> 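Mind looking over this structure? Questions follow.
Just so it is clear, the model here is predicted, and its values are computed rather than measured. In what follows, chains are A, B, ... by sequence order, proteins preceding strands, each numbered from 1.
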Amino acid sequence: MKYDFNTIEKKWQEYWAKNQTFKAENQSDKPKYYVLDMFPYPSGAGLHVGHPLGYIASDIYARYKRHQGFNVLHPQGYDSFGLPAEQYAIQTGQHPAVTTEENIKTYRRQLDQIGFSFDWSREVRTSDPKYYKWTQWIFIQLFNSWYNNSANKAEDISELIKIFETEGNINVNAACDDDIELFMAEDWNRFSSERQQQILLQYRLTYLAETEVNWCPALGTVLANDEIVNGVSERGGHPVIRKKMTQWSMRISAYAERLLQGLHTIDWPEPLKEMQRNWIGKSVGASVTFTVIPHVTMSGGEGSHHISVFTTRPDTIFGVSFMTLAPEHELVSQITTPEHKAEVDAYIEATAKRSERDRMADVKTITGVFTGAYVEHPFTKEPIPVWIGDYVLAGYGTGAVMSVPCGDQRDYDFAKHFNISIPNIFEGVDISEEAFADKDNTIIANSDFLNGLNYKDATKKVIEELEKLGQGQGKTNYRLRDAVFSRQRYWGEPFPVYYVNGMPQMIDEAYLPIELPEVEKYLPTETGEPPLGNATVWAWDAENNKVVSNDLCHSERNEESHNGIYPLELNTMPGWAGSSQYFNRYMDPHNDEAIFSQEAINYWQQVDLYIGGSEHATGHLLYSRFWQKFMFDKGLVPCDEFAKKLINQGMILGTSAFVYRVSPNSFGFDTKGEKIIDLIKKHPIFISKILFDELNKLPESIKVFNEDLKSMLNEVFERKLVRVDIKTTEIQPLHVKVKYINASDELDIDGLKKDEEFGEDFENAIFVSDNSRLIHKDNNEKYIVGRDVEKMSKSKYNVVNPDAICEQYGADSLRLYEMFLGPLEQYKPWNTAGITGVHSFLKKLWKLYFDDNGFKVTDTSPTKESLKTLHKTIKKVQEDIENFSFNTSVSTFMIAVNELTTQKCTSKTILEPLLILISPYAPHIAEELWQVLGYNESIATAPFPVFDEKHLVESTKNYPISFNGKMRFTMELPLDMDKEEIEKTVLASEKTQEQLQGRTPKKVIVVPGKIVNIVG
RNA sequence: GCAGAAGUGGUGGAAUUGGUAGACACGUUGGACUUAAAAUCCAAUGGCCAUUAUGGCCGUGCGGGUUCAAGUCCCGCCUUCUGUACCA
């Protein structure tokens, strides 16, 4: 009988589905284990699996844990809100829901085809109101909560107290500090209701704020920092600009310290933790307040102005020779003197025009201007000039720095550039060339009471002195900023929020979910409102608590109400909202009373193993930890970290092909007559990879004068061009479809030009060969595409689905092969070259059980050798699975099967446990052979074989004998032989004497059980 | 610039606490079986030199060091990838 994977795999996939083999119980006597992979992302028209590396790994682990006797939860669902779906909807006019029943079926089929052991009865879809009801519910809980864990709590509370004291005329006693909620409740009514709302908004865990956001005009939405890559949107690569908007924000900054400390308690990959640490960006230092020396023309009310700064080096305060403010700093306009006003205004305007991207691209240019104002040094009382410069960021710290040129390179460069003095306050350090920023070797000098102190002592001392003056204190600063929580999209969870006189009101929990309304189109409205502005039934009837037609109310937030009907929020929640608690929902997915029952969460606790990509480090994985901590504080979950262990799976990469377009604005050449730029727009120029690389080797941004190109263009345009300039930075690689490329990477230019998707883009294109010659019908020049390995993506035309492998070799082969490719966490290009290896392994495995005459497993007792093979395999495979080293256990199986084949083993005692070992990796073939062996039950829960040391005990060891560390030969010796005897025997042997050639060894090293080394 | 990870045959990749480098596969070459092909099986396969068998030298990005012994530990570099970026 032959190994027929087609029939076998179909048979068992049906069996598993019918018998619900992998259903998890919410209560069980067995120990629990919860394995989860990160949500898949549906794309475009449907769902597609891509390469299921992470799924296979988690599935192997889940199956292994079942064999170990665990009650395993291994659920799967859909993260069905997403920008790609919406973009597709906008293009096609179809509804953005990707979770249509048809799509779900396709998706399930694709996953089932690979043999995953999911508990499908627990499916969760983020776009399902039954689920997003709870996302809205959490939002309301966040709105109704104060932050109480901020590291700078004291500071924030004192700010709040100030409001109470000045406006509410309340005398706050210090004991209240620890219980802000209580304190608020008691004196709350003394505020006007309007002011109450304003104060509330400022101190809630989620709040409305006028924030400067990353606005992407092309996508019509706001993007989070982690959705922007190199200044352009991650999806689509559109430009992003800064814009002020009223947005919902999540006060993740209140959890900064706990998010940082929590990293110590979880078993996550170190690089990923490091990324989160950097993102949180804790720095310890001091805040220092400088008083602006008043000048006659200063505006901005009475009293003196103060500029406070954050510094990590308060010890260098005597080295301050100027102050620098961000151009956006609010005091700039007030303190600038009339003589400098024009210059300052011009500078502010110029920097505002520069996009974030430009500012990032050129960090080397030093710019700045003097404001004419001075502040007083807190200790020396000397005047210090105040400058503005765009190297100071408005969004970090206070947007102002005390500049210490001798101790900070940026300050140093700035001072050098503008001829500001650079006082040296370090003992024995030369600062004529560069700043001295080495904290650890600092000894302070020229600094009054700090002289002779090191960094640590000086910092302590200076903070004490600043406190005495009331001009500073120790302070911890975090880079982590609050997360913007609204999106101007249609396809996301609606907010359970309506507005009364412009103030947001939460809809009562009893009336959730607030479902997405129907809209005509998914684009923003003509007045620039989010797509929900197109809805006709989208207003809140506060008396009857339901969504009603908005005929009766104006959509503007600030409009007076009509008949108790109020406008609803038009923004929707971002993609990460739904995924921030979904892992807990799986524990009790069909609960209508609560997001999950306490019984369920107390049984499952948290995710034991979470598998997913490291690209979510500063997004999903940080937000989820934040929400989990919030839920923990509310007493809703027992653990304040949602995933005990996390492993990153790498990605299967695709090989993309490129052509290199020289963009029209790169041409600054002179000519007579009509505009050449227009000609080039009509005739895009594509240069070859070789040419591109050559040009790229030249210094960046330099204009390239290229004779070859010039003569070619002369030929094309039939006119005399004087010169051709190309800026090397303006040649863009473009992806091309694989179907236009032959085996030797040669481009089919005619095919490409006719491609419908590109339209006219390529129609008149000019291609330049490696030999810098124009390609046309009459010559044999060829265009060779560039190749690079990248993330698979539809837009890169490099997606290779594993489906074909499944069809040709079966799911078991695919599972084994994806694991065999290499370590799980590694990124690797997809390459099917070695697939025959694992497939023939499966065939060999089959042959251990079957030959031409049929089933051949017998009850004969196994040989010692076979027992040894089995048990060494058990040991290795168990270790490998526990270390997630799946690639090496595949090798181990191959070795075992090769050995057992050589041994002609037919013993049930060996072949039965072997199947259980292999079943997590290749479940279909294992299940089939298990049945043939006479079992009616699925192999899925058969107990894992127990390793027995006694089968591996050896009496002899084949010792490597080395001379000066080089292995020369081996020698079989009894393991119980002691050191002296080994030495004697080895030295006495003929081969040793031959090696020594009569010399006496200086030293003989014997490590019993390991090695013998003779030093001669 | 900073942080993290990595660098081993023609290729993917193995190698416990330092202890026989290249497991297991792919590919290649030769052979068996076939009219032939496929499939299957056997053998060889890091490089160089030698060959009558036994052999010898060099080899884990580069240069040093520690050690009886280094892919592994230490110091100094180079390259690649990932993240982050004027963070005071």
> Could you measure between the two P atoms, the one in B:rU16 and the one in B:rU66, and give it in whole Å?
25 Å

> Looking only at the side chain of A:E274 (C-beta and beyond, no hydrogens), which of the listed nucleotides B:rA88, B:rA3, B:rA25 gets closest?
B:rA3

> Mark yes or no for whether A:N1013, through its side chain, and A:G965, through its backbone, hold a donor-acceptor pair below 3.5 Å.
yes

> Is there a Watson-Crick or G-U wobble partner for B:rC87 with both distances under 3.5 Å, and which nucleotide is it?
none

> Please tell me which of the listed nucleotides, B:rU20, B:rA88, B:rC58, lies nearest to the side chain of A:K966?
B:rC58

> To the nearest Å, give me how far apart OH (A:Y921) and P (B:rA25) are.
16 Å

> Counting Watson-Crick and G-U wobble pairs only, both distances under 3.5 Å, name the nucleotide matched with B:rA36, or none.
none

> Any strand counts, and the cut-off is 3.5 Å on both contacts for Watson-Crick or G-U wobble. Which nucleotide pairs with B:rA53?
none

> Whole-Å distance between B:rU54 P and A:Q993 CD?
22 Å

> Calculate the interatomic distance between A:D390 atom CG and B:rC87 atom C1'; express it in whole Å.
15 Å

> What is the nucleic acid contact for A:K1010, judged by heavy atoms within less than 4.0 Å: base, sugar-phosphate only, or nothing?
base

> Quick check for you: among B:rG56, B:rA25, B:rU40, whose closest atom lies nearest to any side-chain atom of A:M894?
B:rA25

> Give A:K1002 one of three labels, base, sugar-phosphate or nothing, depending on what nucleic acid heavy atoms sit under 4.0 Å from its own.
nothing

> Provide the Watson-Crick or G-U wobble partner of B:rA43, both distances under 3.5 Å; none if there is no partner.
B:rU29

> Checking base pairs now: Watson-Crick or wobble, both atom distances under 3.5 Å. What partners B:rG4?
B:rC81

> What I want to find out is whether A:D851 reaches A:K847 closely enough, with some N-O distance under 4.0 Å, to be called a salt bridge.
no

> Within less than 4.0 Å of OP1 or OP2 of B:rA88, is there a side-chain N or O belonging to A:Y396?
yes

> For A:L987 versus A:P1001, what's the shortest heavy-atom pair and its separation?
CD2-CG, 3.9 Å

> Looking at the side chain of A:K843, which of B:rG56, B:rG13, B:rA39 is the nearest nucleotide?
B:rA39

> Send over the distance from A:N883 CG to B:rU17 C1', rounded to a whole Å.
15 Å

> Check the distance between B:rC41's P and A:K904's NZ and give it to me in whole angstrom.
13 Å

> Under a 3.5 Å limit for both distances, which nucleotide forms a Watson-Crick or G-U wobble pair with B:rG76, could you say?
B:rC62

> C1' atom, B:rG76 versus B:rC58: distance in rounded Å?
25 Å

> So what does A:N831 hit on the nucleic acid, given a heavy-atom distance under 4.0 Å: a base, only sugar-phosphate, or nothing?
nothing

> When you check the gap from the basic side-chain N to the acidic O, do A:K872 and A:E899 get nearer than 4.0 Å?
yes

> Send over the distance from A:F820 CZ to B:rG27 C1', rounded to a whole Å.
13 Å

> Using the C1' atom on both, measure B:rU28 against B:rG10 and round to a whole Å.
8 Å

> Hey, does the side chain of A:R410 come within less than 4.0 Å of B:rC87's phosphate (OP1/OP2), counting only N and O?
yes

> On RNA chain B, compare the nucleotides closest to A:N1013 and A:S891; which residue's is nearer the 5' end?
A:S891

> For A:I961 and B:rG19, give me the distance from atom CD1 to atom P, rounded to whole Å.
17 Å

> Let's see if you can work this out: which of B:rA88, B:rG12, B:rC87 has an atom nearest to the side-chain heavy atoms of A:V401?
B:rA88

> Closest to the A:R479 side chain: B:rC24, B:rU20, B:rC87?
B:rC87

> For the side chain of A:Y623 and the backbone of A:W576, is there at least one donor-acceptor N/O pair under 3.5 Å apart?
no

> Ignoring the backbone of A:I895, work out which of B:rG13, B:rC24, B:rC68 is nearest its side chain.
B:rC24

> Heavy atoms only, 4.0 Å cut-off, all strands: where does A:F893 land among base, sugar-phosphate and nothing?
nothing

> If we count only N and O atoms by modelled type, under 3.5 Å, do the side chains of A:S253 and A:D482 hold a donor and an acceptor together?
yes

> How would you label the glycosidic angle of B:rG9: syn (within 90° of 0) or anti?
syn

> Where the side chain of A:D880 meets the backbone of A:S889, is there a donor-acceptor pair that is under 3.5 Å apart?
yes

> Under the side-chain hydrogen bond (donor to acceptor under 3.5 Å, both in side chains) test against A:D413, which residue among A:R410, A:H417, A:K416, A:Q409 passes?
A:Q409

> If you measure from the P atom in B:rU72 to the same atom in B:rU17, how many Å do you get, rounded?
15 Å

> For RNA chain B, whose closest nucleotide is more 5', that of A:Y827 or that of A:G281?
A:Y827

> Both distances under 3.5 Å, Watson-Crick or G-U wobble: report the partner of B:rG9, or none.
none

> When the C1' atoms of B:rU80 and B:rC74 are considered, how many whole Å apart are they?
24 Å

> A:R968 has a side chain; which of B:rA25, B:rG4, B:rG56 sits nearest to it?
B:rG56

> Between the side chains of A:T312 and A:S283, is a donor N or O closer than 3.5 angstrom to an acceptor N or O?
no

> Consider the side chain of A:Q826, meaning its heavy atoms from C-beta on, and name the nucleotide among B:rU84, B:rA39, B:rG13 that approaches it most closely.
B:rG13

> Picking from B:rA14, B:rA88, B:rG27, which would you name as closest to the side chain of A:T888?
B:rA14

> For A:V1015, report the nucleic acid contact type (base, sugar-phosphate, nothing); a contact means any heavy atom under 4.0 Å.
sugar-phosphate

> Regarding A:N898, tell me which of base, sugar-phosphate or nothing describes its non-hydrogen contacts under 4.0 Å with the strands shown.
sugar-phosphate

> Between B:rC2 and B:rU8, how far is it from one P atom to the other, in whole Å?
25 Å

> Between B:rG61 and B:rG9, how far is it from one P atom to the other, in whole Å?
8 Å

> CG of A:N648 versus P of B:rG83: gap in Å, rounded?
13 Å

> Determine the interatomic distance between P on B:rA43 and the same-named atom on B:rC81; round to the nearest Å.
42 Å

